[in-house]
Q: 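Let me give you the structure first, and then I'll get to my questions.
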Amino acid sequence: MTGELDHGQTPATHGSRIDPYVDRYAARATGMVASEIRALFAVASRPEVVSLAGGMPYVTALPLDMVGELVSDLVTRRGPVALQYGSGQGDPHLREQICEVMRLEGIQAGANDVVVTVGSQQALDLVTRIFIDPGDVVLAEGPSYVGALGTFAAYQAKVVHIAMDDQGIVPESLAQTIYALETAGAPIKFLYTIPTFHNPAGVTLNIARRQQVLDICQRAGVLVIEDNPYGLLGFDGEPMRALRADNPDGVVYLGSFSKTLAPGFRVGWALAPHAIRDKLVLAMESAVLSHSSFTQLAVGQYLATQPWREQIKSFKELYRERRDALLDALDALMPPEVTWTRPAGGFFVWATLPDGLDSKAILPRAVAERVAFVPGTGFFSDGSGARHMRLSFCFPEPDRIREGVRRLAGVIEQEMQLRDTFGTSSSRDHNGVDTPGPDLA
Ligand SMILES: Cc1ncc(COP(=O)(O)O)c(C=O)c1O
């Protein structure tokens with residue numbers, strides 16, 4: 001056989017190109033591109049760099065001994081179930097518990113309508129898989145979550161951004177865009193929105209607009225995908241009422257334990273109207289057969305035996321302190337021309353640079369000064385957003401946050417001086433950065 005292959009059956013190009021299969025990939029794989037800033041983030045993860053870039057929850061704050069005991073106990077007591085295949089829809093008891101968690105946001109739902117997924121990222125993937133053909137339109141806030149944009153690109157969706165301000169998505173912009181697309185004959189498959197403590201914008205859709213957005217979508221027959229991993233991490237008062245609470249038939253709700261417990265379990269979920277749920281379960285089975293029984297049961301055990309509401313409360317206190325450290329440092333140190341959002345929960349602040357500054361161009365200099373952020377362009381499907389940057393306050397300790405802002409303010413001041421002397425930073429140095437990877441989620 002080897003001899004036959006050697007005599008002409010191996011593709012002529014084999015071995016002569018870096019990737020001999022480069023022209024064999026499906027068209028959808030061309031939308032999957034690694035970010036040029038990944039290399040920079042390898043540098044940014046060095047300890048001397050203050051990273052205001054990554055969106056990693058501060059899992060160190062969990063009682064890790066307790067988690068260890070719980071996991072060990074699970075294997076000892078329920079090993080044959082925990083280590084076995086499970087149902088494609090997810091563990092029934094965990095689905096009940098998920099309904100209890102969602103009740104905190106006003107959602108009344110039955111466990112039968114929940115599909116447990118590998119993080120809410122997989123729920124996003126499954127929803128996109130069952131709804132999107134190449135070229136179909138998805139509406140999303142501009143900016144939007146980088147991991148969702150990556151998924152939409154992988155399924156060759158056409159993302160149309162809807163304007164948002166510091167109160168969330170702008171209903172007039174949504175209505176006008178839907179009208180324009182309908183008039184142009186472009187069918188809209190769904191609106192993807194993060195109404196509460198938005199990633200990356202840090203803003204929350206106000207109550208009046210929530211109803212408007214639901215009404216506009218309902219009138220136009222546009223399904224709403226409500227992505228809500230941060231909803232329980234509000235710093236003041238009670239959790240916001242979810243969009244899903246007011247329209248069970250028109251909203252698919254995506255939830256996650258990544259931010260309220262730990263992303264390492266990779267347990268998220270979708271709550272969907274019956275017909276959509278059925279398709280999601282089939283898509284789930286074709287993707288992974290079933291989610292890990294082990295991590296589902298571990299999360300279920302955690303919810304059943306531990307004071308999880310108290311744990312969320314202590315996460316909120318921790319993140320509030322870090323949010324305050326970031327906002328206070330920005331207020332004290334940033335040049336007055338820089339503006340930013342003031343999040344009431346979640347992990348992120350969205351900053352806007354003065355005219356003529358380009359966050360992608362600034363990033364290498366910021367990393368050289370030992371501070372990192374995510375440039376705004378990764379959060380738009382059309383590469384706009386160069387004047388913006390996302391600053392995360394979830395991971396560094398307050399002192400490090402203050403130091404990071406001091407360094408960043410220095411870099412921005414220098415950039416402004418250079419702009420005043422030589423012109424815009426993008427015209428001096430433009431390096432066309434693509435969407436950051438999910439590690440920057
Ligand atoms: C808005 C949003 N959606 C979804 C996810 C995915 O979260 P996970 O898959 O860990 O549940 C993230 C992660 O950062 C996020 O910020």
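No experiment lies behind these values; they were computed from the predicted model shown. We count residues from 1, following the sequence as given. Counting starts at 1 for both ligands and their atoms, following the listed order.
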Q: Counting heavy atoms only, which part of Y230 comes closer than 4.0 Å to ligand 1: side chain, backbone, both or neither?
A: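 For Y230, the contact with ligand 1 is made by the side chain alone.
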Q: Numbering the atoms of ligand 1 from 1, which are under 4.0 Å from a heavy atom of N199?
A: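 That gives atoms 15 (C), 16 (O) of ligand 1.
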Q: Within the 4.0 Å heavy-atom shell around D227, which atoms of ligand 1 are there?
A: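 Taking each heavy atom of D227 in turn, ligand 1 has 1 (C), 2 (C), 3 (N), 4 (C) under 4.0 Å.
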Q: Does a salt bridge link D165 with R209, judged by any charged N lying under 4.0 Å from a carboxylate O?
A: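 Between R209 and D165 there is a salt bridge, with a charged N closer than 4.0 Å to a carboxylate O.
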Q: Is G268 close enough to touch ligand 1? Criterion: a residue heavy atom under 4.0 Å from a ligand atom.
A: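 Under 4.0 Å: no for G268.
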Q: In terms of atom number and element, which parts of ligand 1 are under 4.0 angstrom from non-hydrogen atoms of S258?
A: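 So the answer, numbered in order with elements, is 8 (P), 10 (O), 11 (O).
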Q: Drop me the distance from T260's OG1 to I312's CD1, to the nearest 0.5 angstrom.
A: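 Interatomic distance, T260 OG1 to I312 CD1, rounded to 0.5 Å: 5.0 Å.
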Q: Run the numbers for me: atoms of ligand 1, each under 4.0 Å from some heavy atom of I194, listed by number.
A: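 Listed by number with element: 1 (C).
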Q: Can we say D236 and K316 salt-bridge, meaning some charged N sits less than 4.0 Å from an Asp/Glu carboxylate O?
A: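 Result for this pair is no, no salt bridge flagged.
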Q: Using the ring of F347 (Phe, Tyr or Trp, six-membered ring only), decide whether R323 places NZ or CZ under 6.0 Å from its centre and within 45 degrees of its axis.
A: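 Ring-cation test returns no.
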Q: So does E105 pair up with R241, basic N to acidic O under 4.0 Å?
A: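 No, E105 and R241 are not salt-bridged.
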Q: Can you list the atoms of ligand 1 that are under 4.0 Å from a heavy atom of G119?
A: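 With G119 as reference, the close atoms of ligand 1 come out as 8 (P), 9 (O), 11 (O).
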Q: Determine, for R400 against E403, whether the closest basic-nitrogen to carboxylate-oxygen distance falls under 4.0 angstrom.
A: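 No, no charged N to carboxylate O under 4.0 Å.
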Q: Counting each atom of ligand 1 from 1 as listed, which ones have a heavy atom of S256 under 4.0 Å away?
A: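 The list of qualifying atoms is 8 (P), 11 (O).
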Q: Identify the two heavy atoms, one from D91 and one from Q296, that lie closest to each other, and give their separation to 0.1 Å.
A: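 Scanning both residues, the minimum pair turns out to be N-OE1, 2.7 Å.
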Q: Of the listed options (R266, Q122, M56, K259), which comes nearest to atom 13 (C) of ligand 1 when hydrogens are ignored and any heavy atom counts?
A: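 The nearest heavy atom belongs to K259.
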Q: Report the part of P229 in contact with ligand 1, treating N, CA, C, O as backbone and CB onward as side chain, heavy atoms under 4.0 Å; options are side chain, backbone, both, neither.
A: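 Only the side chain of P229 comes within reach of ligand 1.
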